[in-house]
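Values below: all heavy atoms of this structure, side chains included; hydrogens, waters and symmetry mates excluded. Residue numbers begin at 1 in each chain, while the letters A, B, ... track the order of the sequences. Bear in mind the structure is a predicted one, so any value in this text is a computation, not a measurement.
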Amino acid sequence: MVLVKTRNLLKCYPMGLRTLTALRKINLEFQRGEFCGLIGPSGSGKTTLLNIIGSLDVPSQGSVTVLDKKIEELSHVEAARLRRNHIGFIFQTYNLLPLYTAYENVEFPLLLIDMPEAKRKKKVMDALDWLGIADKAESRPAQLSGGESQRVAVARAIVKLPDLVLADEPTANLDAENSFNILEMMVKLNQELNTTFIFATHDEKVIRYLRRKIHLVDGQVVKDEIVN
Amino acid sequence: MLALRLAYRNVVGKGLRTWLNVAVLSLAYVLIIWHQGMFIGMLRYGSRAMIDYEVGGGQYWHRSYDPLDILSHDDAHGRIPAELSELISQGKATPILIRQAAIYPEGRLHSVLLKGIDHSQTVLKIPSHHLKNDKEALPVLIGKRMAKSLAMGIDDYITIRWRDAKGTFDALEARIVAIMDTPATGVDKGQLWVPLEALQKMVQLENEATLIVVGRNVLSIKDLPEWKFKEPDFLMRDIIEMVRGKRVGAAILYAVLLFLAMLAIFDTQVLAIFNRRKEIGTLMALGMSRGSVILLFTLEGAMNGILAIAVGAIYGIPLLVFTAQRGISLPEVTEEFGFAIPPKLFPFYSVGLIVGTVFIVSLTVTIVSFLPTRRILKMKPTDALRGKMS
């Protein structure tokens, strides 16, 4: 089943008097349950593509369909609803809400979808347990290490069991051991829950885990390979 | 509901910054209510004093009477109408005759108003019973301010000169029989109270009056051909206007107070939006719409106002109750204000005042909290996530 489809995707940004083309003629399809990555050097358009798929941005031209919804046609409210119900984000800098505890951070997406308290509590504790940070539930982000923070971020992304998880350089700030642990958990999630993962990365540690590698250079797909 | 919960969590989580805003805001609430309460207390006291000593339930004025035109006083008199005579005999109204006169304390000439009042009247609180029968000299009642300005006391004699109805000058010696301690300056300064009958004889205007004060319990009031009825509100318009004027002046203080509090809120909001760009981006990525983020930030600001109500109540209620019960001592110079001011002022805090102040301040806080959040409307989630302002 096709989860994400891009057709002739073009993304341009105004840069003073000139226009910078970040993505050009991107035609891709992502199936449910894929564990794939957008690979390329800085400025190749990985994050831009990820943001458009995540409905945080819109294409300048072309079309992007996510779960049968055309991103370019969504209003702000509809885009927010799509993210809220179907998409989980993992960021390089974790982006945890600083005033909330680990528990509250993970609980946040469930609050947004109005999940009843008892069910919410169980889901949050399951996610924290699953990522091995249940003992850090009451800690605030400032009290967590980088690895722990990223685990909380992963727990927050997966707690609502989204159809799609978008991870932008999730291991860039982590050491080898933490990267390994996080990636192992993501693989397990992908296999057990059939959650689709799309990474934007140039980290070799991540690339080794990917089953599909899409190479981007200067905003163009130069190679799309399936790893057996 | 969720936005409220999150806003509360964020506001409390901000710690000292929140409590500083809350402290300034609560001060604004308490000071505005306290200060307004003072003016309302002042107005209530002044109005009551005027009603008790001067205005009663209203006054019938002779058609020629103009209290602001002192030269007209000698022509402003007429026979007490039959319609009011019954009220007077029942003790529900009292006639007052006003004439111009001159006195010579210590050889100096003073223009005064001679006011004749029935010694047995109970319509006004003027202690007119002191004016009953004095065979030695004309009994005179004066107020404490008048006594102070003339440097005279009880049993002092003064020479009074006046003109009768035909314009003939006459004079006699009068004795001060009492000095009344009245908060109403309108029955005090520049006035000598004498028995009505004696004054009527002195000026040859028997059974005539300048005005007739009716009691507060008189309900059927109507204008008469020669006499126009003046409502208490009309008679007290000066004090009402004066207090209103002072309240307008005090509004400047409230504006400064509110401005300071709002500046703190506005500043906090602008800084919060700038410092929390990444958080705003994250909230949007997690599925909050821009409208929800704006609501969240506005509620955070508005919550300062709500917390300020709670904090203000903690120290404000005891303070307000204490001042309302014990009163606030005023300096003697307030005697010169031109209307009745008590030595101890008891502020009055009405429900309307408290609810109104809380509503206005809370609404202002909410608006001021909302204004900076409009920036979020222009924010792109992708820029916000990178900590950039769009």
Side-chain angles (χ1 to χ4, degrees), chain A residues 11 13 22 47-58 74-101 104-115 117 120 140-142 153 156-157 159-160 162 165-168, chain B residues 1-19 268 271-297 299-301 303-304 373-390:
Chain A
K11 181 66 186 177
Y13 292 107
T47 302
T48 304
L49 181 54
L50 213 62
N51 284 339
I52 294 173
I53 292 172
S55 76
L56 291 171
D57 207 350
V58 286
L74 296 180
S75 66
H76 288 302
V77 176
E78 288 166 336
R81 193 179 301 133
L82 176 70
R83 293 193 293 272
R84 185 160 67 231
N85 294 324
H86 302 287
I87 302 173
F89 285 91
I90 300 167
F91 304 99
Q92 178 182 344
T93 49
Y94 327 130
N95 287 40
L96 298 179
L97 302 171
L99 294 175
Y100 296 5
T101 62
E104 290 165 342
N105 264 285
V106 178
E107 185 191 27
F108 195 86
L110 304 181
L111 286 171
L112 292 180
I113 56 174
D114 253 346
M115 187 176 279
E117 193 179 352
R120 200 168 67 224
R140 287 180 189 259
R156 183 177 66 182
V159 71
K160 64 187 173 193
V165 174
L166 302 172
D168 189 4
Chain B
M1 196 61 199
L2 172 66
L4 259 178
R5 218 171 116 183
L6 297 176
Y8 176 75
R9 204 183 278 180
N10 289 347
V11 164
V12 172
K14 271 188 262 176
L16 189 63
R17 268 180 300 161
T18 292
W19 295 114
T268 306
L271 271 175
I273 290 164
F274 186 76
N275 290 336
R276 292 165 66 187
R277 298 178 303 262
K278 233 174 156 177
E279 189 183 327
I280 291 168
T282 307
L283 293 173
M284 288 180 183
L286 291 175
M288 277 184 99
S289 63
R290 283 187 179 130
S292 305
V293 178
I294 286 173
L295 177 67
L296 175 65
F297 275 72
L299 281 175
E300 281 184 30
M303 210 155 267
N304 285 296
T373 64
R374 290 175 306 164
R375 271 202 98 150
I376 295 170
L377 269 182
K378 295 178 196 161
M379 238 184 234
K380 287 183 186 166
T382 47
D383 287 341
L385 278 167
R386 282 182 287 159
K388 276 173 65 181
M389 292 297 267
S390 307

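Contacts between A:Arg140 and chain B at a heavy-atom distance below 4.5 Å are absent for every atom of the residue.
To the nearest 0.5 angstrom, B:Lys278 atom NZ is 10.0 Å from A:Leu96 atom CG. Summarising the geometry, atom OG1 belonging to A:Thr47 is positioned 8.5 Å from atom CZ belonging to B:Arg386; distances are rounded to the nearest 0.5 Å. Atom CD1 of A:Ile113 sits about 11.5 Å away from atom CG of B:Leu2, to the nearest 0.5 Å. Rounded to the nearest 0.5 angstrom, A:Arg81 CZ and B:Ser289 OG are separated by 9.5 Å. Atom CZ of A:Phe108 sits about 9.5 Å away from atom OG1 of B:Thr282, to the nearest 0.5 Å. Distance check, rounded to the nearest 0.5 Å: OG1 of B:Thr382 to CD1 of A:Ile52 gives 9.0 Å.
Of the listed residues (B:Leu283, B:Asn10, B:Leu6), just one forms a side-chain contact (heavy atoms from CB on, under 4.5 Å) with A:Leu97, and that residue is B:Leu283.
Interface check for chain B: of the options A:Asp114, A:Ile87, A:Leu111, A:Asp57, the most heavy-atom pairs under 4.5 Å are formed by A:Leu111. By number of non-hydrogen pairs under 4.5 angstrom with chain A, the leading residue of B:Arg5, B:Arg276, B:Arg9 is B:Arg9. Put simply, of A:Arg156, A:Lys160, A:Glu104, the one with the most heavy-atom pairs under 4.5 Å next to chain B is A:Glu104.
Taking each heavy atom of B:Ala285 and A:Leu56 in turn, the nearest pair found is CA-CD2, 3.8 Å. Taking both residues in full, the closest heavy atoms of A:Leu99 and B:Gly13 are given as CD2-O, 3.5 Å, listed atom of the first, atom of the second, then distance.
The main-chain N or O of B:Met284 is found under 3.5 Å from a side-chain atom of A:Arg83 such that the two form a donor-acceptor pair.
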